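What follows is a set of notes on a single structure, which appears directly below.
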Amino acid sequence: MSGEFFMDIFQDLQARGLIYQCTDTEALQKRLNQGPITLYCGFDPTADSLHIGHLVTALTLRRFQLAGHRPLALVGGATGMIGDPSGRTSERTLNSPEVVASWTEKLKKQLSRFIEFDGDNPARIVNNYDWIGSLDVITFLRDIGKNFSVNNMLAKESVSSRLEKGISFTEFSYMILQSYDFYKLYEMYQCELQVGGSDQWGNITAGTDLIRRLSQEKVNVYGLTLPLITKSDGTKFGKTASGAVWLDADKTSPYAFYQFLLNVDDQDVVNMLKVFTFLSLEEIEELAQEVATQPEKRVAQRTLAEEVTRLVHGPEALKRAVNITKAFFQGEIKQLSEQEIKEAFRDVPSATITEASLPLVDTLIQVGAAKSKREAREFIRNGAITVNDRKVTSVETKVSDLEQIAGAYLVIRRGKKKYYLCELSV
RNA sequence: GGGAGGAUACCAAAGUGGCCAACUGGGGCGGACUGUAAAUCCGCUGGCAUUGCCUUCGUAGGUUCGAAUCCUACUCCUCCCA
């Protein structure tokens with residue numbers, strides 16, 4: 001199902017709702033039909049991991065590659081040191097060079113999962129530190145800066161929206177660097193297209209302008225932005241109460257990642273399938289029918305969760321996530337073997353206790369199920385605590401009162417979905 | 001540089017000497033219902049403790065039997081004038 005070859009990439013993107021703005025729709029469509037094109041998209045190291053929002057653009061690069069084009073994934077080792085004002089209401093705090101460098105490496109690794117480095121149209125990962133890092137001030141101001149008009153820069157949304165509150169020269173200059181990236185990639189790899197999120201429009205057009213100015217003959221380069229993915233209620237997709245949904249397995253476990261997608265609203269799931277999977281539009285249409293006729297089966301959600309988790313974390317992690325889900329929501333935890341418990345609870349908070357007489361109230365705190373004894377008691381009184389499939393009702397319960405799995409494990413459930421593992425070693 | 005106002009728990013916002021661990025709304029968390037849903041309803045939302053204690057209302061002091069509330073200094077924020 002994935003790995004399909006799209007004859008008309010532009011049409012496919014359009015049908016998936018992935019096109020927001022384009023510098024010249026007709027010309028770009030024509031160019032794409034003429035043959036392979038090199039395109040790029042940048043990712044700045046503003047955190048130690050990409051999140052699910054970045055997936056939209058990363059997967060778009062892959063869509064282009066599947067259609068026979070050559071994607072470049074740019075990691076902003078240099079621009080990450082400056083800070084993009086786009087879409088921000090206030091100045092960013094600068095990170096140290098060491099931090100930026102280590103984040104850059106992490107992003108590189110994550111991005112490489114989504115694109116193919118072999119074959120006829122191999123992708124490439126580039127780091128703009130390689131050409132910006134060595135740029136000297138005179139070159140920057142004289143050769144590059146001369147092509148920018150401050151009047152123009154002030155008009156860009158990313159800058160104008162900040163004029164009231166204030167913006168530093170550093171962030172103000174950001175668009176020049178990003179434009180220079182596009183220019184360098186055009187020069188080095190004949191990169192003709194830059195793709196980015198909708199907030200990148202200003203930076204992207206600045207880049208196409210720069211290339212035109214610096215080129216002797218008339219050239220055509222294109223910019224394309226993708227929409228911000230929102231839910232039906234208008235809020236941004238990918239935000240949870242506990243923060244962003246990360247692609248790094250250490251920050252958001254594969255199980256949590258899988259669950260996040262499994263719980264997508266009926267109203268949103270079809271859109272998400274279009275944006276986050278490589279399923280054909282026909283396959284997605286079939287799933288849309290399922291949502292309409294048998295929403296309670298949640299076939300679409302299941303498919304979405306499986307496809308994306310496999311894409312991001314691989315088949316093994318997906319299998320674990322599914323197994324954990326089965327044990328938690330369908331199976332009886334008591335039936336699990338010690339081996340299975342260890343496997344299933346790899347991604348779940350756990351603690352080891354050494355004292356059999358420990359009150360359950362304290363155990364809940366140790367595993368992280370409750371913040372204080374008061375809260376722990378409240379959970380028990382409300383009937384929110386289940387240990388090894390048995391509801392606990394007495395606040396006085398001690399660990400030794402409870403039946404253990406495989407003689408050593410307590411699987412604690414709080415509420416409907418939160419699980420904690422407690423290992424007893426006396 | 002001058003003037004006015006403000007800082008309360010996750011957020012918003014009451015309270016202006018004891019009845020304040022602090023109204024209310026949002027959020028969050030639990031329960032019922034359910035499709036691991038939406039909507040709805042109910043409960044909880046500083047800590048410890050078997051009705052008592054401890055720490056909280058920008059920071060540091062002071063007044064008082066007693067302060068989130070009054071006084072002093074400081075820090076930060078907003079607005080107005082220059």
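Just so we're on the same page: letters track the sequence lines, and every chain starts at 1. All values derive from a computational prediction rather than experimental measurement.
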Let's test your reading of the model: under 3.5 Å, does the base of B:rU45 pair with the side chain of A:K371 as donor and acceptor?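 No, the side chain and the base share no sub-3.5 Å donor-acceptor pair.
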Does A:E375 make a side-chain donor-acceptor contact with the base of B:rU45, cut-off 3.5 Å?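 There is none.
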Between A:Y180 and A:F140, is the ring centre distance below 6.0 Å?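 That pair fails the under 6.0 Å test.
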For the C1' atoms, the ones on B:rA7 and on B:rC74, what distance do you get once it is rounded to whole angstrom?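 Between the two C1' atoms, the distance is 14 Å.
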Please report the distance separating the P of B:rG5 from the corresponding atom of B:rC10, rounded so that it comes out in whole Å.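 Taking atom P in both B:rG5 and B:rC10, they lie 29 Å apart.
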Salt-bridge test for A:R320 and A:E316: reply yes if a basic N is under 4.0 Å from a carboxylate O, no otherwise.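 Looking at A:R320 and A:E316, the cut-off is not met.
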Identity of whatever pairs with B:rC76 - Watson-Crick or G-U, under 3.5 angstrom: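 Paired with B:rG6.
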Taking any strand in view, what nucleotide pairs with B:rU50 in a Watson-Crick or G-U wobble way, both distances under 3.5 Å?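 No nucleotide pairs with B:rU50.
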Any idea which of B:rG35, B:rG30, B:rU36 is nearest the A:T325 side chain?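 Closest nucleotide among those given: B:rU36.
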Which nucleotide in B:rC44, B:rU34, B:rG30 has an atom nearest any side-chain atom of A:F379: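 Shortest atom-to-atom distance from the side chain points to B:rG30.
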For A:K373 and B:rU50, what is the distance between atoms NZ and P respectively, to the nearest whole Å?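 About 9 Å, once rounded to whole Å.
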Could you check whether [X] gets within reach of a base, just the sugar-phosphate, or nothing at all, counting any heavy atom under 4.0 Å?
| X | value |
| --- | --- |
| A:F329 | base |
| A:N382 | sugar-phosphate |
| A:R414 | sugar-phosphate |

Residue from A:L424, A:L402, A:I412 passing side chain to side chain contact (heavy atoms under 4.5 Å, CB included) with A:T363: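 With A:T363 as partner, side chain to side chain contact (heavy atoms under 4.5 Å, CB included) holds for just one option, A:I412.
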